[in-house]
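For reference, the structure discussed in these notes is given below.
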Amino acid sequence: MPTHSLGPTSLSRRDFLKRSAMATAIAATGPALLSACGSGPAAGGGGAGSMTFLSLLPLETLSMSPELLAVAGGHFAGHGLDVTLQPVKGSPQAMQTLISGVGPVTRLGQIDVMTAAAESQQPVVNIGTLSRGSSVRIVYSKQNPLEKPEDFLGKTIGVPSEAGTSSKVVSLVLANAGLDPERTPRQVTGLTPGTFNLVQQGRIAGYAASIDTANIVTSQHEDAGVFDPGTVVKADSQIYVSAKDVLRKDPDTLRAFMAGIHDALTEFVADENFDKTIATLREKYSFATLDDDKIARASLGMMRELWTGGDPSKPLLVTDEAAWLAGYEELTAAGQAEPGGDAASWFDNSLLPTTKA
């Protein structure tokens, strides 16, 4: 089944032309191009440097709002970085591309990192936790509801990539309920609101989507329902990930990147109604969920709850060791990750801005 995506008109013409040219060059020259244009060093907070952020998501979603605001609001630039946001096809490719050295940072699910580190000792490390809960939503039709794990059995679920984060989240939902994940087929589909047509046609029972996509689908279709895997799954946090080699050789670039993200998140947290942040994003970007005031505010509000864990007084991006280790225990108990790994060595908070008391 083909992957659906938002059309090029959802971005500004300048950004679309830039992305199209880069994509064409990548196709022609392969990973070497991104290596060349991607990861120059950044000197502390004032030096000039460039790097590529590997996005497992398309850029036309508010799930990318921290990175989008860090670019549009000048937060990366304020720390000496010129960051290119480069979409890749799902978490498996993001992991592979990261390890190959194409870009120094990506964002993945905790599940992906823990399974990779435990099973094949992939040299990756969590350098900051963005979402303290699941940012995946399963959109379904109320005529064929997916309200609890048992409802997923024998039904095909659309996911954006094979063996990616969303597919693993579905597996964990089932495994945590004592059900066999193999009894729920997966089909690669798109992430967009239009994919709901496949649900209405009965070709799939539901599909994984971002929070803002789920919100726009429910606003457009009375028969649409949404399942939050976070009601069942604990280990589905979103984290920023780098390779251990980059952490050793170029920590300043990673530190500058995380400082830019921290500044963007701080702006979102302080902007009660998101008036300023939405206006800043719209100066550079245009896509369906950003352009709709109601959807944008509702989605950013839900995401802010995940970024802060419901407590804005707690430091942003810091990985809580107890929660991290509990996530690994959940994965191993469900048979989704190999036991015996040193999960405490798979995260590093040292690159985050120092939190003032």
Side-chain angles (χ1 to χ4, degrees), residues 19 22 26 31 33-45 47-59 61 63-114 116-117 122-131 135 164-165 237-265 307 316-319 346-353:
R19 282 183 57 194
M22 188 172 190
I26 292 168
L33 172 71
L34 274 180
S35 296
C37 72
S39 53
S50 62
M51 61 160 280
T52 296
F53 172 77
L54 304 168
S55 174
L56 64 89
L57 297 171
L59 302 187
T61 170
S63 290
M64 285 292 295
S65 55
E67 294 85 355
L68 296 178
L69 185 64
V71 172
H75 297 301
F76 286 141
H79 292 278
L81 278 185
D82 178 15
V83 177
T84 295
L85 305 178
Q86 176 61 48
V88 295
K89 294 181 179 180
S91 50
Q93 188 176 97
M95 178 86 72
Q96 181 181 14
T97 310
L98 175 75
I99 294 170
S100 71
V102 169
V105 184
T106 188
R107 176 156 42 108
L108 296 170
Q110 177 181 351
I111 297 172
D112 295 298
V113 173
M114 287 189 157
Q122 294 287 7
V124 293
V125 59
N126 165 15
I127 59 174
T129 294
L130 174 63
S131 297
S135 56
T165 299
S237 63
Q238 284 277 307
I239 59 178
Y240 289 102
V241 182
S242 187
K244 291 183 178 180
D245 189 53
V246 176
L247 186 65
R248 183 177 67 255
K249 294 181 178 179
D250 193 12
D252 287 344
T253 293
L254 300 180
R255 192 171 287 112
F257 177 87
M258 295 308 298
I261 293 293
H262 187 276
D263 289 351
L265 293 174
W307 298 333
L316 296 164
L317 297 170
V318 173
T319 299
W346 301 339
F347 78 95
D348 189 334
N349 286 323
S350 69
L351 299 171
L352 301 176

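Only this structure's heavy atoms are used, side chains among them; waters, hydrogens and symmetry mates stay out.
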Test side chain to side chain contact (heavy atoms under 4.5 Å, CB included) on Trp307 and Ser65; report intermediate values, then the result.
CA-CA 12 Å; Trp307 298 333; Ser65 55; 3.5 Å; yes

For [X] against [Y], the heavy-atom pair lying closest together:
X	Y	value
Ser91	Gly164	OG-CA, 3.1 Å
Pro251	Leu351	O-CD2, 3.8 Å
Ala259	Pro353	CA-CG, 3.9 Å
Lys89	Gln93	N-OE1, 3.0 Å
Leu57	Pro87	O-CB, 4.0 Å
Leu98	Val124	CD2-CG1, 4.0 Å

Run Thr52 and Leu85 through side chain to side chain contact (heavy atoms under 4.5 Å, CB included) and show every step you take.
CA-CA 6 Å; Thr52 296; Leu85 305 178; over 6 Å; no

Evaluate the side-chain proximity of Ile261 to Leu317: yes if any heavy-atom separation is below 4.5 Å, no if none is.
yes

Set of residues satisfying side-chain contact (heavy atoms from CB on, under 4.5 Å) with respect to Ser242, sequence neighbours excluded:
Ile127, Val246, Leu254

Can you tell me how far the [atom1] atom of [X] sits from the [atom2] atom of [Y], to the nearest 0.5 Å?
X	Y	atom1	atom2	value
Thr253	His79	OG1	NE2	13.5 Å
Leu130	His262	CG	NE2	11.5 Å
Asn126	Gln238	CG	CD	11.0 Å
Ile239	Gln110	CD1	CD	6.0 Å
Phe257	Met51	CZ	CE	5.0 Å

Expected output: side-chain [X] to main-chain [Y] donor-acceptor under 3.5 Å:
X	Y	result
Gln96	Pro92	no
Thr84	Gln86	no
Thr106	Leu54	yes

Tell me which donor-acceptor pairs under 3.5 Å the side chains of residues 67-77 have, and how far apart each pair is, sequence neighbours excluded?
| unit_1 | atom_1 | unit_2 | atom_2 | d |
| --- | --- | --- | --- | --- |
| Glu67 | OE1 | Arg107 | NH2 | 2.9 |
| Glu67 | OE2 | Arg107 | NE | 2.9 |
| Glu67 | OE2 | Arg107 | NH2 | 3.1 |
| Glu67 | OE2 | Tyr240 | OH | 2.8 |
| His75 | NE2 | Glu267 | OE1 | 2.6 |

Between Val318 and Leu352, is a side chain to side chain contact (heavy atoms under 4.5 Å, CB included) present by the stated rule, with each step listed?
CA-CA 7 Å; Val318 173; Leu352 301 176; 3.8 Å; yes

